[in-house]
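See structure below.
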Amino acid sequence: MAKKRRKRNVEFKPDPQTATWVKTFHLTVQQRLQLAKWALYILTIVMCLVVQDVLMSRIRIFGATTDLTVCAILLITVIEGTDTGSLFVLIASTLYYFSGSAPGAYVIALLSFLGVAAVLLRQLYWHRSKGSIVLCTGIALMLYEIGLFVVGIAIGLTLPSRLIYFLLTGAYSCLALIPLYSIIYKIGSIGGNTWKE
């Protein structure tokens with residue numbers, strides 16, 4: 001009996017425990033491409049935030065300017081679709097609020113609601129194309145600016161006579177969507193599209 005047990009122990013050879021951190025964190029090519037895509041998305045939003053805060057905040061055309069960070073967040077949300085986009089807009093709007101550039105905490109709810117609504121509108125009624133993505137993002141941008149105006153009136157931060165400036169900001173932001181779309185769409189196509197319609 002002891003001889004059989006000894007023989008069984010000799011025959012059993014456990015796997016070697018020499019795993020390095022490179023083997024532990026091995027990423028496939030597709031995972032590396034997805035990681036690169038999200039890193040470039042984050043870099044794009046940070047660049048929009050820097051350009052908005054440093055440059056565009058000083059440039060006023062008829063008393064209004066653009067809102068580039070919100071453009072980038074909503075555009076990425078609509079491009080990514082409901083599965084990924086809804087989680088992305090929640091995280092991005094929260095980080096946007098904590099960056100100190102957002103007007104208030106209500107931006108988290110406003111951006112999340114409008115981002116998901118824009119994605120659903122695009123997926124329910126239009127095929128995926130440049131026009132439908134830009135149109136749905138533009139509608140969400142205009143509603144975002146109107147929402148900022150309504151909240152500003154409700155908490156006493158703005159006057160009703162300033163509505164035109166909010167509408168102009170929405171219009172300028174919609175114009176900024178056209179060049180921003182080509183950058184974000186190229187980033188979004190890294191690793192292939194996983195959406196199905």
Side-chain angles (χ1 to χ4, degrees), residues 33-53 56 65-152 166 169-197:
L33 289 173
Q34 289 293 321
L35 191 63
K37 175 175 86 167
W38 285 104
L40 288 172
Y41 274 158
I42 292 167
L43 184 65
T44 303
I45 291 175
V46 169
M47 289 304 298
C48 286
L49 190 62
V50 169
V51 168
Q52 181 65 43
D53 286 348
M56 299 307 291
T65 186
T66 59
D67 210 345
L68 292 177
T69 310
V70 175
C71 287
I73 290 171
L74 289 174
L75 197 55
I76 291 169
T77 302
V78 175
I79 286 175
E80 285 299 315
T82 52
D83 294 339
T84 310
S86 55
L87 180 61
F88 167 77
V89 74
L90 179 63
I91 294 169
S93 59
T94 305
L95 293 176
Y96 176 52
Y97 167 66
F98 285 116
S99 74
S101 296
Y106 51 86
V107 167
I108 298 170
L110 193 59
L111 271 176
S112 297
F113 175 76
L114 289 173
V116 172
V119 171
L120 290 174
L121 176 70
R122 209 268 324 138
Q123 287 183 339
L124 288 175
Y125 296 108
W126 288 297
H127 292 289
R128 183 180 172 95
S129 67
K130 178 180 181 178
S132 66
I133 290 171
V134 171
L135 178 67
C136 291
T137 307
I139 291 169
L141 267 171
M142 290 303 287
L143 291 175
Y144 171 78
E145 294 299 330
I146 292 169
L148 287 183
F149 175 73
V150 169
V151 171
F166 283 89
T169 298
Y172 298 154
S173 299
C174 287
L175 288 175
L177 280 176
I178 297 167
L180 201 56
Y181 171 82
S182 58
I183 296 167
I184 291 176
Y185 184 76
K186 285 190 175 48
I187 293 171
S189 62
I190 293 174
N193 293 321
T194 57
W195 48 270
K196 294 177 182 173
E197 290 190 40

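One-based numbering along the sequence shown. All values below come from the heavy atoms of this structure, side chains included, with hydrogens, waters and symmetry mates left out.
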I'd like to check Gln52 versus Thr65 (side-chain heavy atoms, cut-off strictly below 4.5 Å). Are they in contact?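 Yes, at least one pair of side-chain atoms sits under 4.5 Å.
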Less than 4.5 Å apart, side chain to side chain, heavy atoms only: is that true for Asp53 and Ser99? no
Is a donor on one side and an acceptor on the other found under 3.5 Å between the side chain of Ser173 and the backbone of Cys71? no
For Ser112 and Ala109, indicate whether the former's side chain and the latter's backbone hold a donor-acceptor pair under 3.5 Å. no
Closest approach of [X] to [Y] (non-hydrogen atoms, all atoms of both residues):
X      : Y      : result
Tyr97  : Ala105 : CE1-N, 3.3 Å
Leu74  : Gly115 : CD2-CA, 3.7 Å
Ser86  : Thr82  : OG-O, 2.6 Å
Val78  : Ala118 : CG2-CB, 3.8 Å
Glu145 : Asp67  : OE2-OD2, 3.2 Å

Quick one: ring-ring contact (aromatic ring centres under 6.0 Å, His included) pairs with a partner in residues 98-118, sequence neighbours left out?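 Listed by first then second residue: nothing to list.
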Under the side-chain contact (heavy atoms from CB on, under 4.5 Å) rule, collect the residues that match up with [X], sequence neighbours excluded.
X      : result
Ile45  : Thr69, Ala72, Ile73, Ile76, Phe88
Leu175 : none
Leu110 : Leu114, Tyr144, Leu148
Ile91  : Leu87, Leu95

Taking side chain to side chain donor-acceptor pair (under 3.5 Å) as the definition, give me every residue that meets it alongside [X], ordered by chain and number, with sequence neighbours left out.
X      : result
Thr169 : none
Tyr41  : Glu80
Ser182 : none
Thr94  : none

Can you give me every donor-acceptor pair (side chain of residues 131-142, partner residue at least two apart or in another chain, under 3.5 Å) with its distance?
from, atom 1, to, atom 2, distance (Å)
Ser132, OG, His127, O, 2.8
Ser132, OG, Ser129, N, 3.1
Ser132, OG, Ser129, O, 3.1
Ser132, OG, Ser129, OG, 3.3
Thr137, OG1, Ile133, O, 2.7

For the [atom1] atom of [X] and the [atom2] atom of [Y], what is their distance to the nearest 0.5 Å?
X     : Y      : atom1 : atom2 : result
Leu40 : Lys186 : CG    : NZ    : 13.5 Å
Leu75 : Cys48  : CG    : SG    : 9.5 Å
Leu68 : Leu177 : CG    : CG    : 9.5 Å

State which residues pass ring pair (Phe, Tyr, Trp, His ring centres under 6.0 Å) with Phe166; sequence neighbours excluded, sorted by chain then number.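 Per chain and number, Phe166 pairs via ring pair (Phe, Tyr, Trp, His ring centres under 6.0 Å) with Phe149.
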